[in-house]
Protein chains: 2
Amino acid sequence: MTDDTLRQELRDLSDTDPKVDRLVEELIGRVADKWTMLLVEILTERECCRFGELGRACGGISQKMLTQTLRAMERDGLVTRTVYAVVPPKVEYRLTDLGLGLSKAFCGVWLWAEENYERIELARSDYTERREAKTKY
Amino acid sequence: MTDDTLRQELRDLSDTDPKVDRLVEELIGRVADKWTMLLVEILTERECCRFGELGRACGGISQKMLTQTLRAMERDGLVTRTVYAVVPPKVEYRLTDLGLGLSKAFCGVWLWAEENYERIELARSDYTERREAKTKY
DNA sequence: CGGCATACTCTCTTTTGGGTAAGTATAAAT
DNA sequence: ATTTATACTTACCCAAAAGAGAGTATGCCG
């Protein structure tokens, strides 16, 4: 994709009526958060997961945030939640088509992050160096 | 892209060593926030913007958040900041290559959001209906 | 009888995000 | 002399987000 194609696509996107625009922005705000993105990634890799499995795969997420994020995703139609009436309880989560679509869309961002994290670390240290140099005298 | 290709790509991504994995996750957390994404989008469309222009284009962002987000983006090497020594002050922001890369990567998510926001609204109302039905008796 | 496992839920506290409003510098315009 | 424009910075404050930790239900296993 050329820069101009990109520019054009984004312009087209903003040229729709402002109500849609706000909806889309709100949706991005909702969906583009750390835990949602992580869960989408994990659920893409392993198709079907139990609650505890997701928790372990996320590393460091609290139970509260996990339930909360999963509920929001369920509400938005990104995952399905299947409860088995057994004891101890068993609940399985899997992506819907909609969720898989988001995964595809977001895949580019993961790839970008993996390709560029070194450059960003470099930019960060350069920046603090520059700031330190400035305040030196 | 097939579902399996996607799965494989994401698996490859997680198979790198866990240190890189955490870095990438941290980067996603940093960059995947509402204001950053909006600013990236605006700066892609109009190439070069002054502070005030960005503020107006964002609609409803406070000066504080605007400076704060722009500073973080500068630190990460996503934008350049050019100060002109004039009065009243004039400062121009534009995306770096890195920033433009992020824009490209994230473009897919905007498109997805635009294509699917109706489905999500529908899923939401279905969900609340289901919940209401449940709690009815 | 006493754990253990699982998927929560609830409460309490801390942290963060983000808004508001005021202050700063300075040249040009009125 | 006062206002205007611009891009901030700083201080203060509130509400929302998130973490920590305990509690719950229940059948199975020893």
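The basis for the numbers below is simple: all heavy atoms, side chains too, and nothing from hydrogens, waters or symmetry mates. Below, read A as the first sequence line, B as the second, and so on, with proteins coming before strands; counting in each chain starts at 1.
- You'll find that the side chain of B/Pro88 is closest to D/dA5, out of D/dA11, D/dA5, D/dA20.
- For the pair B/Asp33 CG and D/dA17 P, the interatomic distance rounds to 15 Å; values are reported in whole Å.
- Side-chain N/O atoms of B/Tyr93 include one lying less than 4.0 angstrom from OP1 or OP2 on D/dC8.
- To the nearest 0.5 angstrom, B/Asn116 atom CG is 12.0 Å from B/Leu122 atom CG.
- Rounded to whole angstrom, the span from the CD atom of A/Glu74 across to the C1' atom of C/dA7 amounts to 14 Å.
- The distance from atom CD of A/Glu53 to atom C1' of C/dA7 is 14 Å, rounded to the nearest whole Å.
- The pair A/Glu92-A/Arg81 does not count as a salt bridge, with every side-chain nitrogen at least 4.0 angstrom from each carboxylate oxygen.
- Listed pair B/Arg50 / D/dC8 fails the phosphate criterion, with no side-chain N or O lying under 4.0 Å from OP1 or OP2.
- Rounded to whole Å, the distance from CZ on A/Phe51 to P on C/dA7 is 7 Å.
- Taking atom CG of residue B/Leu66 and atom P of nucleotide C/dT20, one finds them 14 Å apart after rounding to whole Å.
- For B/Glu41 and B/Lys34, the salt-bridge test fails: no basic side-chain N is under 4.0 Å from an acidic carboxylate O.
- Nucleotide D/dA11 holds its P atom 17 Å from the CD atom of B/Gln63, rounded to whole Å.
- The pair B/Arg124-A/Glu26 meets the salt-bridge criterion, since a charged nitrogen lies less than 4.0 angstrom from a carboxylate oxygen.
- Each of D/dT9, C/dG19, C/dT6 was ranked by its minimum atom distance to the side chain of A/Pro89; first place goes to C/dT6.
- Taking atom CE on B/Met65 and atom P on D/dT9, their separation rounds to 14 Å, with Å as the unit.
- Ring-plane geometry between B/Phe106 and A/Phe106 is classed as perpendicular, the angle between the planes exceeding 60 degrees on a 0 to 90 degree scale with a lower cut at 30.
- Here the P atom of nucleotide D/dC8 and the CD atom of B/Gln68 are 13 Å apart, to the nearest Å.
- Across C/dG18, C/dA5, C/dT9, the shortest atom-to-atom separation from the side chain of A/Thr67 is found for C/dT9.
- Distances shorter than 4.0 Å separate some side-chain N or O of A/Arg71 from OP1 or OP2 on C/dT9.
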